[in-house]
Amino acid sequence: MPINSPNIELFDQALLQVLETNNTRFGLTAQALGTFCRAYGFQPEEKETLDRLEYLAGKNLAAEVPKIIDKTFRAWKITAAGRQYLDDHNL
Amino acid sequence: MTIIFERMNAFKKPYRNAVLKNLPEEKQRAIMEYADGTETSKPHTLAETLKWLKADAITTSHATLEDFRQWFRLRQDMQEDEAMALQTVQACKENGWIKTRQEEEAAGQIFFNRQTQRRKDTKAWVLVQGVSLRRDRLDLEERKFKLLQDRQARTKEVVNNTQMTPEQKEARIRQIMGLT
(Lines give C-alpha, C1' and ligand atoms only; values in the text may rest on other atoms or scores of the structure.)
Protein backbone atom coordinates (compact mmCIF):
# COMPACT_ATOMS: atom_id res chain seq x y z
CA MET A 1 0.00 0.00 0.00
CA PRO A 2 1.54 3.39 -0.94
CA ILE A 3 1.99 5.87 1.88
CA ASN A 4 0.01 8.74 0.41
CA SER A 5 -2.69 10.96 1.85
CA PRO A 6 -5.59 8.47 1.94
CA ASN A 7 -3.39 5.80 3.56
CA ILE A 8 -1.24 7.93 5.80
CA GLU A 9 -3.57 7.69 8.77
CA LEU A 10 -3.66 3.91 8.39
CA PHE A 11 0.13 3.88 8.32
CA ASP A 12 0.27 6.02 11.47
CA GLN A 13 -2.12 3.61 13.16
CA ALA A 14 0.00 0.64 12.05
CA LEU A 15 3.10 2.30 13.54
CA LEU A 16 1.29 2.95 16.82
CA GLN A 17 0.00 -0.63 16.93
CA VAL A 18 3.50 -2.04 16.47
CA LEU A 19 4.88 0.38 19.06
CA GLU A 20 2.14 -0.68 21.47
CA THR A 21 2.97 -4.35 20.98
CA ASN A 22 6.51 -3.69 22.14
CA ASN A 23 6.36 -3.91 25.93
CA THR A 24 10.10 -4.34 26.35
CA ARG A 25 12.49 -1.82 27.88
CA PHE A 26 13.88 -1.02 24.43
CA GLY A 27 12.60 1.22 21.66
CA LEU A 28 12.18 0.25 18.01
CA THR A 29 14.10 1.82 15.14
CA ALA A 30 12.39 3.18 12.03
CA GLN A 31 13.87 0.28 10.08
CA ALA A 32 12.44 -2.35 12.43
CA LEU A 33 9.09 -0.57 12.55
CA GLY A 34 9.01 -0.44 8.75
CA THR A 35 9.59 -4.19 8.62
CA PHE A 36 6.80 -4.89 11.11
CA CYS A 37 4.42 -2.62 9.17
CA ARG A 38 4.59 -5.09 6.27
CA ALA A 39 2.03 -7.13 8.20
CA TYR A 40 -0.33 -4.16 7.78
CA GLY A 41 0.27 -3.97 4.04
CA PHE A 42 2.91 -1.22 4.02
CA GLN A 43 6.45 -1.33 2.67
CA PRO A 44 7.78 2.05 3.72
CA GLU A 45 11.18 3.54 3.06
CA GLU A 46 13.07 4.32 6.26
CA LYS A 47 12.71 8.04 5.57
CA GLU A 48 8.92 7.76 5.23
CA THR A 49 8.73 5.92 8.56
CA LEU A 50 10.96 8.51 10.22
CA ASP A 51 8.81 11.36 8.91
CA ARG A 52 5.68 9.80 10.35
CA LEU A 53 7.38 8.98 13.66
CA GLU A 54 8.43 12.60 13.96
CA TYR A 55 4.87 13.64 13.21
CA LEU A 56 3.53 11.22 15.84
CA ALA A 57 6.12 12.48 18.32
CA GLY A 58 4.97 16.03 17.58
CA LYS A 59 1.44 14.94 18.49
CA ASN A 60 2.82 13.28 21.64
CA LEU A 61 1.58 9.86 20.46
CA ALA A 62 5.11 8.43 20.20
CA ALA A 63 8.40 9.40 21.82
CA GLU A 64 11.99 9.04 20.81
CA VAL A 65 14.15 7.11 23.24
CA PRO A 66 16.88 9.47 24.50
CA LYS A 67 20.05 9.12 22.47
CA ILE A 68 22.77 7.89 24.76
CA ILE A 69 26.07 7.36 23.00
CA ASP A 70 25.44 7.06 19.28
CA LYS A 71 23.57 10.22 18.34
CA THR A 72 22.56 8.77 14.97
CA PHE A 73 20.80 5.78 16.51
CA ARG A 74 17.13 6.60 16.89
CA ALA A 75 14.54 4.37 18.56
CA TRP A 76 10.90 4.98 19.42
CA LYS A 77 8.29 4.01 21.96
CA ILE A 78 4.59 4.66 22.33
CA THR A 79 3.32 7.22 24.85
CA ALA A 80 0.28 7.07 27.14
CA ALA A 81 -1.47 9.40 24.67
CA GLY A 82 -0.63 6.96 21.88
CA ARG A 83 -2.26 4.14 23.81
CA GLN A 84 -5.25 6.36 24.45
CA TYR A 85 -5.47 7.06 20.72
CA LEU A 86 -5.53 3.31 19.94
CA ASP A 87 -8.09 2.79 22.66
CA ASP A 88 -10.31 5.59 21.34
CA HIS A 89 -10.14 4.12 17.86
CA ASN A 90 -10.75 0.54 19.02
CA LEU A 91 -7.41 -0.57 17.68
CA MET B 1 13.67 -10.57 33.73
CA THR B 2 10.09 -11.32 34.80
CA ILE B 3 10.32 -8.63 37.45
CA ILE B 4 11.20 -6.05 34.80
CA PHE B 5 8.26 -7.08 32.60
CA GLU B 6 5.83 -7.04 35.49
CA ARG B 7 7.02 -3.65 36.57
CA MET B 8 6.74 -2.28 33.05
CA ASN B 9 3.28 -3.75 32.53
CA ALA B 10 2.11 -2.21 35.78
CA PHE B 11 2.90 1.24 34.36
CA LYS B 12 0.90 0.62 31.25
CA LYS B 13 -2.52 2.04 30.85
CA PRO B 14 -4.81 -0.86 29.99
CA TYR B 15 -6.91 -0.82 26.85
CA ARG B 16 -10.45 -0.04 27.82
CA ASN B 17 -11.99 -1.91 24.90
CA ALA B 18 -9.46 -4.64 24.21
CA VAL B 19 -11.07 -7.60 25.96
CA LEU B 20 -8.47 -10.21 25.03
CA LYS B 21 -5.45 -7.95 25.38
CA ASN B 22 -6.57 -7.07 28.93
CA LEU B 23 -6.77 -10.66 30.11
CA PRO B 24 -4.08 -11.97 32.46
CA GLU B 25 -1.05 -13.31 30.60
CA GLU B 26 -1.79 -16.87 31.76
CA LYS B 27 -5.25 -16.73 30.20
CA GLN B 28 -3.83 -15.21 27.01
CA ARG B 29 -1.33 -18.06 26.79
CA ALA B 30 -4.13 -20.57 27.36
CA ILE B 31 -6.08 -19.06 24.45
CA MET B 32 -3.05 -19.34 22.18
CA GLU B 33 -2.45 -22.93 23.23
CA TYR B 34 -6.10 -23.83 22.66
CA ALA B 35 -6.09 -22.24 19.19
CA ASP B 36 -2.65 -23.40 18.03
CA GLY B 37 -2.54 -26.70 19.90
CA THR B 38 0.37 -28.06 21.91
CA GLU B 39 2.34 -31.30 21.97
CA THR B 40 -0.50 -32.89 23.91
CA SER B 41 -3.54 -31.11 22.48
CA LYS B 42 -4.84 -30.59 18.98
CA PRO B 43 -5.27 -27.14 17.39
CA HIS B 44 -8.71 -25.56 17.09
CA THR B 45 -10.28 -23.36 14.45
CA LEU B 46 -11.11 -19.74 15.19
CA ALA B 47 -14.81 -20.64 15.36
CA GLU B 48 -14.08 -23.38 17.90
CA THR B 49 -11.89 -21.02 19.91
CA LEU B 50 -14.63 -18.36 19.91
CA LYS B 51 -17.10 -20.97 21.18
CA TRP B 52 -14.63 -22.06 23.87
CA LEU B 53 -14.16 -18.44 24.96
CA LYS B 54 -17.90 -17.85 25.04
CA ALA B 55 -18.27 -20.78 27.45
CA ASP B 56 -15.86 -18.82 29.65
CA ALA B 57 -18.06 -15.70 29.36
CA ILE B 58 -15.62 -14.01 26.96
CA THR B 59 -17.44 -12.77 23.91
CA THR B 60 -15.40 -11.48 21.01
CA SER B 61 -15.34 -11.47 17.23
CA HIS B 62 -13.46 -13.49 14.63
CA ALA B 63 -11.43 -10.44 13.56
CA THR B 64 -10.57 -9.47 17.14
CA LEU B 65 -9.39 -12.98 17.94
CA GLU B 66 -7.21 -13.07 14.83
CA ASP B 67 -5.81 -9.64 15.69
CA PHE B 68 -5.12 -10.78 19.24
CA ARG B 69 -3.21 -13.85 18.05
CA GLN B 70 -1.01 -11.74 15.79
CA TRP B 71 -0.44 -9.24 18.61
CA PHE B 72 0.39 -11.96 21.15
CA ARG B 73 2.90 -13.69 18.83
CA LEU B 74 4.65 -10.44 17.99
CA ARG B 75 4.78 -9.42 21.65
CA GLN B 76 6.20 -12.80 22.57
CA ASP B 77 8.82 -12.51 19.80
CA MET B 78 9.80 -9.08 21.08
CA GLN B 79 10.11 -10.33 24.65
CA GLU B 80 12.38 -13.14 23.45
CA ASP B 81 14.41 -10.60 21.48
CA GLU B 82 14.75 -8.47 24.59
CA ALA B 83 15.94 -11.45 26.60
CA MET B 84 18.47 -12.29 23.88
CA ALA B 85 19.69 -8.67 23.79
CA LEU B 86 20.11 -8.61 27.56
CA GLN B 87 22.05 -11.88 27.45
CA THR B 88 24.37 -10.49 24.80
CA VAL B 89 24.88 -7.32 26.83
CA GLN B 90 25.68 -9.46 29.87
CA ALA B 91 28.25 -11.45 27.89
CA CYS B 92 29.83 -8.20 26.66
CA LYS B 93 30.00 -6.91 30.24
CA GLU B 94 31.65 -10.11 31.43
CA ASN B 95 34.24 -9.78 28.67
CA GLY B 96 34.88 -6.18 29.64
CA TRP B 97 33.68 -4.77 26.31
CA ILE B 98 30.91 -2.82 27.99
CA LYS B 99 31.89 -0.81 31.01
CA THR B 100 29.39 1.93 31.71
CA ARG B 101 25.62 1.96 32.27
CA GLN B 102 25.27 4.19 29.20
CA GLU B 103 27.16 1.72 27.02
CA GLU B 104 24.95 -1.04 28.40
CA GLU B 105 21.76 0.82 27.45
CA ALA B 106 23.03 1.73 23.99
CA ALA B 107 24.25 -1.79 23.24
CA GLY B 108 20.95 -3.26 24.47
CA GLN B 109 19.01 -1.01 22.09
CA ILE B 110 21.19 -2.02 19.17
CA PHE B 111 21.17 -5.75 19.97
CA PHE B 112 17.39 -5.73 20.46
CA ASN B 113 16.68 -4.05 17.13
CA ARG B 114 19.15 -6.29 15.30
CA GLN B 115 17.49 -9.34 16.80
CA THR B 116 13.96 -8.22 15.83
CA GLN B 117 15.16 -7.49 12.29
CA ARG B 118 16.95 -10.83 12.05
CA ARG B 119 13.88 -12.71 13.26
CA LYS B 120 11.71 -10.96 10.70
CA ASP B 121 14.21 -11.64 7.93
CA THR B 122 14.44 -15.30 8.98
CA LYS B 123 10.67 -15.64 8.88
CA ALA B 124 10.59 -14.08 5.42
CA TRP B 125 13.41 -16.39 4.31
CA VAL B 126 11.57 -19.47 5.60
CA LEU B 127 8.44 -18.30 3.79
CA VAL B 128 10.32 -17.73 0.54
CA GLN B 129 12.10 -21.08 0.87
CA GLY B 130 8.77 -22.81 1.54
CA VAL B 131 7.22 -21.27 -1.57
CA SER B 132 10.31 -22.12 -3.60
CA LEU B 133 10.28 -25.73 -2.37
CA ARG B 134 6.59 -26.11 -3.22
CA ARG B 135 7.26 -24.62 -6.66
CA ASP B 136 10.17 -27.04 -7.22
CA ARG B 137 7.95 -29.96 -6.25
CA LEU B 138 5.27 -28.79 -8.68
CA ASP B 139 7.86 -28.46 -11.45
CA LEU B 140 9.08 -31.96 -10.72
CA GLU B 141 5.53 -33.38 -10.81
CA GLU B 142 4.91 -31.56 -14.06
CA ARG B 143 8.10 -32.98 -15.60
CA LYS B 144 7.14 -36.49 -14.44
CA PHE B 145 3.69 -36.11 -15.98
CA LYS B 146 5.11 -34.91 -19.31
CA LEU B 147 7.58 -37.80 -19.37
CA LEU B 148 4.76 -40.26 -18.73
CA GLN B 149 2.63 -38.70 -21.47
CA ASP B 150 5.56 -38.86 -23.89
CA ARG B 151 6.23 -42.53 -23.08
CA GLN B 152 2.55 -43.36 -23.51
CA ALA B 153 2.45 -41.68 -26.92
CA ARG B 154 5.62 -43.46 -28.09
CA THR B 155 4.39 -46.83 -26.77
CA LYS B 156 1.08 -46.34 -28.56
CA GLU B 157 2.94 -45.67 -31.83
CA VAL B 158 4.89 -48.90 -31.40
CA VAL B 159 1.75 -50.92 -30.53
CA ASN B 160 -0.06 -49.58 -33.62
CA ASN B 161 2.93 -50.19 -35.92
CA THR B 162 1.93 -52.99 -38.29
CA GLN B 163 5.39 -53.39 -39.82
CA MET B 164 7.13 -54.45 -36.57
CA THR B 165 7.20 -58.00 -35.24
CA PRO B 166 5.97 -58.66 -31.66
CA GLU B 167 9.60 -59.22 -30.59
CA GLN B 168 10.69 -55.91 -32.14
CA LYS B 169 7.74 -54.16 -30.46
CA GLU B 170 8.61 -55.63 -27.07
CA ALA B 171 12.25 -54.62 -27.41
CA ARG B 172 11.27 -51.09 -28.46
CA ILE B 173 8.77 -50.71 -25.61
CA ARG B 174 11.35 -51.93 -23.11
CA GLN B 175 13.71 -49.32 -24.52
CA ILE B 176 11.08 -46.55 -24.21
CA MET B 177 10.36 -47.56 -20.60
CA GLY B 178 14.07 -47.50 -19.85
CA LEU B 179 14.23 -51.18 -19.04
CA THR B 180 17.13 -52.01 -21.31
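Values reported hereafter were calculated over all heavy atoms of this structure, with side chains retained and with hydrogens, waters and symmetry mates removed. All chains are named by letter (A, B, ...) in the order of the sequence lines, taking the proteins before the strands, and each is independently numbered beginning at 1.
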Bottom line for A/V65: the part with an atom under 4.5 Å from chain B's heavy atoms is side chain
Give, as side chain, backbone, both or neither, the part of A/A32 having an atom under 4.5 angstrom from any heavy atom of chain B. both
Counting distance only, does the side-chain N/O of B/N95 pair as donor-acceptor with the main-chain N or O of B/W97 below 3.5 Å? no
Can a donor-acceptor pair be found, under 3.5 Å and without considering hydrogens, that links the side chain of A/D87 to the backbone of A/R83? no
Let me know if B/E103 has heavy atoms under 4.5 Å from chain A in its side chain, its backbone, both or neither. both
Check: B/L20 main-chain N/O paired with B/Q28 side-chain donor or acceptor under 3.5 Å: yes
Under the rule for salt bridge (charged side-chain N to carboxylate O under 4.0 Å, His left out), what residues qualify as partners of A/E64, not counting sequence neighbours? A/K67, A/R74
Residue-level contacts of residues 105-114 of chain B with chain A, using a heavy-atom cutoff under 4.5 Å: B/E105, B/A106, B/G108, B/Q109, B/I110, B/F112, B/N113
Does B/T45 offer a backbone N or O that forms a donor-acceptor pair with the side chain of B/E48 under 3.5 Å? yes
I need the full list of side chain to side chain donor-acceptor pair (under 3.5 Å) pairs touching residues 49-58 of chain B, with sequence neighbours left out, sorted by first then second residue. B/K27-B/D56
Sequence neighbours left out, what passes side chain to side chain donor-acceptor pair (under 3.5 Å) with B/E94? Give chain and number order. B/Q90
